[in-house]
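For reference, the structure discussed in these notes is given below.
First the proteins, then the strands, lettered A, B, ... as listed; each starts at 1.
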Number of protein chains: 2
Amino acid sequence: MNPFTLEFREKDGPLYQQLYRYLADEIKSGRVTEGERLPSKRSLIAHLKVSQSTVETAYDMLVTEGYVRSVPKSGFYVCKLERLLSSGPPVPAEPEDQEPPSFPYDFSTSAVDPSVFPYATWAKLSRETLYQNPELLNPGHRQGDLFLRETLAKYLYEFRGVRCSPEQIVIGAGIEYLIGIIAQVLDGAVFALENPGYRRLAQVLKNNHSGIRLIPLDSSGMNPDALEESGATAAYITPSHQFPLGVTMPVGRRTQLLAWAERSPGRYLIEDDFDSEYRFNGRPIPAVQGLDHNGRVIYLSTFSKSLAPSIRIAYLVLPKTLMSAYFRKFGGYSSTVSRFEQHTLAKFIAGGHYSRHINRTRLIYRQRRDLFINGLQDAGVPVRILGQHAGLHLALEIGNGAKEPELLARAAEQGVRMSGLSQYYLDGNAPTGSTVIAGYAGLSAEQISAAARLLGRAWTPGTAG
Amino acid sequence: MNPFTLEFREKDGPLYQQLYRYLADEIKSGRVTEGERLPSKRSLIAHLKVSQSTVETAYDMLVTEGYVRSVPKSGFYVCKLERLLSSGPPVPAEPEDQEPPSFPYDFSTSAVDPSVFPYATWAKLSRETLYQNPELLNPGHRQGDLFLRETLAKYLYEFRGVRCSPEQIVIGAGIEYLIGIIAQVLDGAVFALENPGYRRLAQVLKNNHSGIRLIPLDSSGMNPDALEESGATAAYITPSHQFPLGVTMPVGRRTQLLAWAERSPGRYLIEDDFDSEYRFNGRPIPAVQGLDHNGRVIYLSTFSKSLAPSIRIAYLVLPKTLMSAYFRKFGGYSSTVSRFEQHTLAKFIAGGHYSRHINRTRLIYRQRRDLFINGLQDAGVPVRILGQHAGLHLALEIGNGAKEPELLARAAEQGVRMSGLSQYYLDGNAPTGSTVIAGYAGLSAEQISAAARLLGRAWTPGTAG
């Protein structure tokens with residue numbers, strides 16, 4: 001390599017780094033090639049008027065990174081690089097994928113109202129946990145910390161009739177993650193899905209190479225005859241409050257589906273108990289899991305509705321029959337939930353804050369629900385509510401003669417976004433109906449009243465079509 | 001159904017619930033059977049001396065849950081249940097699966113020292129985020145919030161030479177979760193793994209039905225000839241600091257592997273850059289991703305070493321060539337990381353706290369590393385360090401003539417736990433050597449000095465065997 005001059009600049013950082021970068025760039029660019037000898041350290045010190053340690057550090061870095069090799073008593077030689085490499089500027093940012101347009105009144109089924117979140121309590125417990133439990137920085141149990149699992153097992157028994165020990169519980173970062181675990185534990189299973197139903201579920205199962213059968217619903221939920229005929233081995237059901245139709249599965253259907261699971265070995269019910277806290281008439285209906293005495297039910301639920309969608313804590317209750325399959329596949333995994341959040345949540349439940357929060361928000365959401373329905377009726381919208389008094393969304397059949405696309409378009413003109421039932425059919429064979437799906441938990445009482453008035457303009461008979 | 005007497009007890013909750021439970025139990029137990037008529041509301045009110053609303057609520061619940069049906073102008077009739085159901089007490093807790101015995105000096109590779117965590121700053125940012133950003137309760141971007149992705153893209157360019165836009169970054173709850181995403185995006189790929197290597201990686205890939213080839217290492221890392229012959233289409237490498245041998249991959253080998261990826265369409269390098277912050281000589285070596293101009297490198301790393309294992313935030317940088325495959329499969333997924341933690345971390349990085357934390361802990365860990373090595377040498381242990389001056393674990397070849405099982409057993413007798421290199425061979429064909437793997441980040445300086453003295457007793461020649 002020929003002698004070279006290098007203009008050091010103060011803003012470019014330490015001299016050894018500038019020298020290292022210069023030489024690495026020369027090599028990467030191909031201007032200095034394989035086998036060439038670098039100037040000796042001594043000559044470079046004299047030539048560039050830098051200290052010995054500057055040159056030595058730069059050369060050490062080049063050796064460490066494999067640009068040059070040191071030949072004792074001879075010097076530093078450029079190594080073979082597979083090809084010429086050039087370093088460039090960072091890739092310029094591209095616009096984010098398009099966010100859907102924003103509406104003044106968005107009845108999304110995944111939003112909640114931030115103003116009902118118990119900030120003060122959560123922040124206090126969160127701070128306490130951070131300061132009082134430094135040991136939580138180290139790795140925790142793969143299934144989630146025992147404190148949270150014990151607290152959950154107790155809560156689930158008292159409030160949902162779920163009977164399990166903490167060893168059966170797996171805490172995970174969201175329902176989709178847990179469905180991935182189910183798909184891999186039940187490797188080779190064929191899953192029966194409610195249709196219409198939960199679209200992401202189908203995607204997660206497909207990503208995991210699971211087989212899928214779509215089962216129609218009747219007025220009690222998943223139809224057991226269609227299930228039997230489908231050849232499926234695992235049925236994913238939402239008995240508390242079917243998504244999106246809102247059906248609550250009666251006990252008779254629950255026991256029919258349990259009987260289906262027991263008729264052949266290897267059959268399971270997967271009970272997704274999302275939204276079950278928000279039942280507005282009578283007490284919550286106990287989970288199917290509590291009716292099961294033969295280890296045929298996998299139970300799962302989440303805190304994304306009852307606390308906040310952005311707090312990514314969901315959980316799975318595996319039957320004991322599946323624990324060894326779980327250990328075989330997931331025994332080496334780490335938990336996906338921060339231990340600080342796990343303990344904050346466990347304290348929140350164990351201290352009674354969670355059940356108070358549920359009672360408080362149940363009242364709030366019930367008022368909003370009533371406000372919305374009464375508002376629609378007062379505005380002259382002919383509306384029938386499908387399903388029952390549960391959950392944070394409504395399936396509304398609008399009787400003004402218009403069909404779904406027109407209903408949605410006219411609502412959108414007024415600044416109100418909802419989804420149509422057809423979007424929840426998983427096979428593209430949606431009937432053309434007049435049913436819209438409205439999640440009302442993300443809107444304030446004032447917004448709901450205003451939206452009902454606007455929907456009156458959009459949907460009142462005589463104004464449609 | 002015959003008339004019945006029910007003894008209400010104050011401690012058993014509201015009267016309507018006691019009445020509901022009594023009737024539901026009668027039906028579930030089979031004492032009242034299908035088709036039987038319940039007592040009329042009027043007769044029950046008179047008989048039990050309760051209010052109308054008590055009876056009405058209880059009957060409504062029974063109807064809602066499907067135990068009875070209401071026949072207008074006739075009464076309430078018991079529905080058909082598939083079989084007799086009994087409710088029992090919760091399943092008693094079983095002992096947790098055995099924790100491994102605890103050692104006074106545990107050189108686990110997954111622990112860090114909680115005392116170096118920047119509590120005050122983290123707690124302050126965390127509290128601020130919770131109070132100032134209530135909108136973070138609602139669902140965020142599937143890939144993680146833009147603020148964190150922008151901050152990371154900038155950090156990765158400055159500190160790791162990674163060139164990407166925020167749109168290419170996917171935040172996820174841990175490396176294993178992200179490997180699952182890679183396996184599903186590269187559906188059908190055959191993965192080449194370093195052997196010895198990262199055992200959980202093989203498990204995650206197997207759970208995802210991915211093909212696996214084990215590739216031996218030479219002194220520069222994964223051997224490219226063996227890789228070419230293996231038929232693999234994706235090579236998972238740890239170039240900064242091979243796990244567990246500690247090799248830093250020279251630039252020449254990096255370009256050879258890039259050339260391998262470019263030789264056939266559909267080939268990718270997966271660069272796991274864990275531990276790269278802890279390089280003790282010279283500056284960190286830039287990532288392979290920065291050398292790639294053709295979208296062949298998937299980059300991933302985690303904060304579990306540099307912050308804490310229990311903070312479950314890792315990230316993936318996908319090449320633009322894979323973005324559409326990612327969207328197709330994961331476009332509907334939610335992020336797995338709490339938005340509050342995402343924003344706390346983003347503020348921590350953007351405010352310069354993270355690089356200060358790395359500089360501070362790099363010094364601390366370097367001192368501990370030197371303390372450990374010097375301690376072993378002072379205690380007379382003949383030790384050779386494999387790999388280079390990087391990372392939070394050491395691969396130590398012990399030259400006292402003893403083999404791995406004896407080395408580990410004698411260390412354990414002194415209360416010191418380490419793992420042996422053989423545990424990291426993925427095919428059960430481990431050579432019988434004398435190399436142990438020691439993670440030193442979870443031990444204090446005092447513990448390290450004490451452990452080195454104890455290992456002197458265990459391993460000094462003459463005391464062995």
Working to the nearest 0.5 angstrom, can you tell me the gap between Y333(A) OH and I179(B) CD1? 8.5 Å

In terms of heavy-atom pairs under 4.5 Å with chain A, which of R312(B), R127(B), E150(B) leads? R312(B)

Options V204(A), L156(A), I311(A), ranked by heavy-atom pairs under 4.5 Å with chain B, top entry: V204(A)

Which value, rounded to the nearest 0.5 Å, describes the distance between F117(B) atom CZ and N138(A) atom CG? 11.5 Å

To the nearest 0.5 Å, what is the distance between CG on L137(A) and OG on S304(B)? 12.0 Å

If you take all heavy atoms of P139(A) and A111(B), which pair is closest and at what distance? CD-CA, 4.5 Å

Who passes salt bridge (Lys or Arg N to Asp or Glu O under 4.0 Å) against D60(B), sequence neighbours left out? none

Options G331(A), P250(A), P309(A), ranked by heavy-atom pairs under 4.5 Å with chain B, top entry: P309(A)

Stepwise side chain to side chain donor-acceptor pair (under 3.5 Å) check, N208(A) with H209(B): CA-CA 8 Å; N208(A) 281 284; H209(B) 296 274; over 6 Å; no

Among G174(B), A123(B), A314(B), single out the residue with the greatest number of heavy-atom pairs under 4.5 Å to chain A. A123(B)

Quick one: what part of F340(A) sits under 4.5 Å from any heavy atom of chain B, side chain, backbone, both or neither? side chain

Within the side chain of S310(B), is there an N or O that forms a donor-acceptor pair under 3.5 Å with the backbone of L136(A)? yes

How long is the gap from CG on L130(B) to CH2 on W122(A), to the nearest 0.5 Å? 9.0 Å

Counting only heavy atoms not in K124(B), do more than 12 sit closer than 6.0 Å to its NZ atom? no

Using only atom types and a distance under 3.5 Å, with no angle test, would you say the side chain of N207(B) pairs donor to acceptor with the backbone of Q184(A)? no

With distance as the sole test, does E341(B) use its side chain to make a donor-acceptor pair with the main-chain N or O of S338(A) at under 3.5 Å? no

State, to 0.1 Å, how close Y131(B) and Y119(A) come at their nearest heavy-atom pair, and which atoms those are. OH-O, 4.2 Å

Which residues pass the salt bridge (Lys or Arg N to Asp or Glu O under 4.0 Å) test with R69(A), sequence neighbours left out? none

Max heavy-atom pairs within cutoff under 4.5 Å with chain B, candidates V63(A), L257(A), D187(A), goes to D187(A)

Check each atom of S335(B) against the heavy atoms of chain A and say whether the ones under 4.5 Å are side chain, backbone, both or neither. backbone

Side chain Q203(A), main chain G332(B), donor-acceptor under 3.5 Å: no

Proximal component of S108(A), with respect to chain B [non-hydrogen, under 4.5 Å]: neither

Name the region of V337(A), side chain, backbone, both or neither, that has any atom closer than 4.5 Å to a heavy atom of chain B. backbone

Region of D113(A) in contact with chain B, defined by heavy-atom distances below 4.5 Å: neither

Between R339(B), K154(B), E176(B), the one whose heavy-atom pairs under 4.5 Å with chain A are most numerous: E176(B)

